[in-house]
Amino acid sequence: MASLRMCRQLSRSLTSASASASSLFSRGRNASLSRGIGKYSTAAAVENPISPPVSVNYNQLLIDGKFVNAASERTFPTLDPRTGDAIAHVAEGDAEDINRAVAAARKAFDEGPWPKMTAYERQKILLRFADLLEKHNDELAALETWDNGKPYEQAAKIEVPMMIRLIRYYAGWADKIHGLTVPADGQYHVQTLHEPIGVVGQIIPWNFPLLMFSWKVAPALACGNTIILKTAEQTPLSAILASKLLHEAGLPPGVLNVVSGFGPTAGAALASHMDVDKLAFTGSTNTGKVVLQLAAKSNLKPVTLELGGKSPFIVCEDADIDKAVELAHFALFFNQGQCCCAGSRTFVHERVYDEFVEKAKARALKRTVGDPFKGGIEQGPQIDMEQFEKIMGYIRSGVESGATLETGGERFGNKGYYIKPTVFSNVKDDMLIAKDEIFGPVQTILKFKDLDEVIRRANASHYGLGAGVVTQDLDTANTLTRALRVGTVWINCFDVFDAAIPFGGYKMSGQGREKGIYCLSNYLQVKAVVTPLKNPAWL
Ligand code: NAI
Ligand code: MG
């Protein structure tokens with residue numbers, strides 16, 4: 001993600017290397033693991049887990065610049081997806097902790113130094129933060145891998161550097177945000193002030209914990225807002241360390257408060273809080289609908305949403321098949337298939353379909369699955385038991401509905417949440433596996449005859465997040481680019497995520513854009529100021 005260069009680096013390093021969670025369910029995940037997982041057949045043994053090269057030093061809530069326990073004194077285990085064992089116990093924030101965090105953020109905004117500080121000072125803090133992240137790159141990456149299960153090489157070489165790039169990008173914006181002089185009625189001097197929106201609530205998911213942290217926190221801080229961030233209950237660890245470093249860089253107390261905890265408790269309290277001025281959410285479409293309602297029913301806070309997807313990946317007749325297979329494989333399997341924009345409907349032209357399917361199967365069979373701390377591993381475990389069960393359910397449904405299971409379809413190993421890379425061919429549009437977001441390593445390959453047909457079928461989805469197109473024909477690329485109703489079209493590439501490129505969804509994939517210049521408007525209010533002119537004749 002990042003520039004083309006980074007995308008290539010990412011593909012290279014990967015190829016060469018060879019119902020929302022209720023708090024009850026999540027607390028019981030260890031138990032669920034031993035109860036449920038036995039029924040899945042196993043393929044290869046998973047070696048004993050490698051000891052992570054990091055320790056968990058911070059596990060509390062961060063409120064008003066201090067690490068504190070939850071008001072209830074409760075904690076919850078965060079689990080290692082390689083085994084299902086607890087890594088650490090983390091403070092479990094709920095409504096009372098959200099209240100404390102909102103009060104701190106309110107004070108830091110209304111009285112505190114943050115919005116009153118010069119933009120240059122804010123910029124310097126963000127730049128110092130980026131330097132500290134660079135120093136702690138490997139430690140952050142190791143925590144991310146341990147908590148999430150993603151390959152360490154991916155976290156250390158791609159994701160943490162991308163996070164750093166994004167922090168520096170928004171640090172750069174901090175002192176370039178300003179309003180306009182408006183040529184209105186000649187009797188008045190009219191200007192606009194671009195002001196921070198105030199106290200911002202942010203709720204992030206578990207698939208890219210550090211990147212989602214940075215996409216949310218960096219633009220909000222650059223614009224002068226204060227924040228309460230709720231991490232995902234599956235992956236609370238890396239954001240706590242990152243926030244500690246941000247304070248070390250000079251962030252005043254109360255400007256960023258981090259509350260670990262569950263959705264229906266801490267998350268809902270944040271979304272419905274009367275003193276929160278804006279909400280930014282990334283996660284499932286269903287939870288997106290819930291938080292939008294909570295925001296509407298409380299104080300009508302504006303909400304930006306980055307939600308699910310079922311992105312088409314279109315392989316045209318003229319495509320270089322080997323390149324298309326590799327790109328389609330990357331588009332779907334990257335990050336264990338746990339990407340909102342995963343290219344999860346692989347449409348292939350009928351003339352090249354059979355060759356594509358054969359090669360896609362061969363590529364999936366070559367994918368290296370195993371301990372994400374081991375060098376050369378492309379795929380680690382899924383995030384948790386709930387996702388594992390959900391994905392296995394979709395695989396069963398694919399088989400039952402008559403799709404051809406080319407490879408995979410079963411658990412990998414005998415512990416943790418690993419799934420073998422799975423490929424279905426002969427997939428029809430009305431099958432569940434072609435309609436729902438699977439969020440796992442399951443490629444579904446569909447056949448098409450011509451451009452008009454594939455445009456109609458690609459757009460026949462409630463989602464509209466991304467699309468991939470592989471073609472050598474400029475006219476075909478231009479036609480698809482304009483016809484597809486999605487927030488991002490990647491032509492002959494995929495998952496290019498530079499900090500400056502806007503990202504967001506059409507239709508039920510979301511509202512608003514993150515990254516780039518477009519994100520700034522999420523975190524700013526525009527105030528018009530009108531002053532009578534003493535001597536309008538001078539105009
Ligand atoms: P989720 O949408 O329920 O969780 C995302 C965040 O929302 C977490 O921080 C969670 O604690 C919070 N949350 C949950 N319920 C809430 C509520 N009532 N009020 C406020 N906050 C709440 O996603 P989940 O259950 O982890 O995964 C379910 C599915 O969502 C996945 O299978 C996948 O399809 C999709 N998903 C999409 C993501 C994306 O990047 N767009 C990321 C994660 C999941
Ligand atoms: Mg975990």
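Read the numbers this way: they start at 1 and go in the same order the structure lists the ligands and their atoms.
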Practice task
Measure Leu270 to ligand 1 on non-hydrogen atoms and call it side chain, backbone, both or neither using the 4.0 Å cut-off.
Solution key: neither
Exercise for the section: Establish, yes or no, whether a centroid distance under 6.0 Å links the rings of Trp206 and Phe439. Expected result: yes
Handout entry: Which segment of Ser284 sits under 4.0 Å of ligand 1 when only heavy atoms are counted
Key = both
Practice task
Kindly write out the residues that satisfy ring pair (Phe, Tyr, Trp, His ring centres under 6.0 Å) with Tyr506, not counting sequence neighbours, or none if the list is empty.
Solution key: none
Practice task
Select one of side chain, backbone, both or neither to describe which atoms of Glu386 lie under 4.0 Å from any atom of ligand 1, heavy atoms only.
Solution key: neither
Handout entry: Check: Trp173 ring centroid to Tyr523 ring centroid under 6.0 Å
Key = no
Practice task
Please identify which atoms of ligand 1 are closer than 4.0 Å to at least one heavy atom of Val291.
Solution key: 19 (N), 20 (C)
Exercise for the section: Flag Gly263 as yes when one of its N or O atoms lies below 3.5 Å from any N or O atom of ligand 1, and as no otherwise. Expected result: yes
Problem - Test of proximity, Gly283 against ligand 1: N or O pairs below 3.5 Å - result: yes
Practice task
Say whether Ser238 and Glu144, considering side chains only, have a donor N or O and an acceptor N or O under 3.5 Å apart.
Solution key: yes
Practice task
Run the contact test for Met212 against ligand 1 with a 4.0 Å cut-off on heavy atoms, strictly below, and give the result.
Solution key: no
Practice task
Look up atom CG in Leu279 and atom NE2 in His273, then write down how far apart they are to the nearest 0.5 Å.
Solution key: 12.5 Å
Exercise for the section: Within a distance under 4.0 Å of any heavy atom of Gly267, pick out the atoms of ligand 1 and give their elements. Expected result: 19 (N), 20 (C), 21 (N)
Handout entry: ligand 1 N/O within reach of Thr282 N/O, cut-off under 3.5 Å
Key = no
Problem - Proximity to ligand 1 by part of Leu307, non-hydrogen separation under 4.0 Å - result: backbone
Practice task
Compute the centroid of each ring, for Trp215 and then for Tyr170, and state whether the two points are separated by less than 6.0 Å.
Solution key: no
Handout entry: Contact partition for Gln338 relative to ligand 1, non-hydrogen atoms under 4.0 Å
Key = neither
Problem - Check: Phe347 ring centre within less than 6.0 Å of Phe313 ring centre - result: no
Completion exercise
salt bridge (charged side-chain N to carboxylate O under 4.0 Å, His left out) filter on Lys278, not counting sequence neighbours, yields none
Practice task
Consider ligand 1: state whether an atom of it lies below 4.0 angstrom from any non-hydrogen atom of Thr231.
Solution key: yes
Problem - Phe281 contact mode with ligand 1 (heavy-atom cut-off under 4.0 Å) - result: side chain
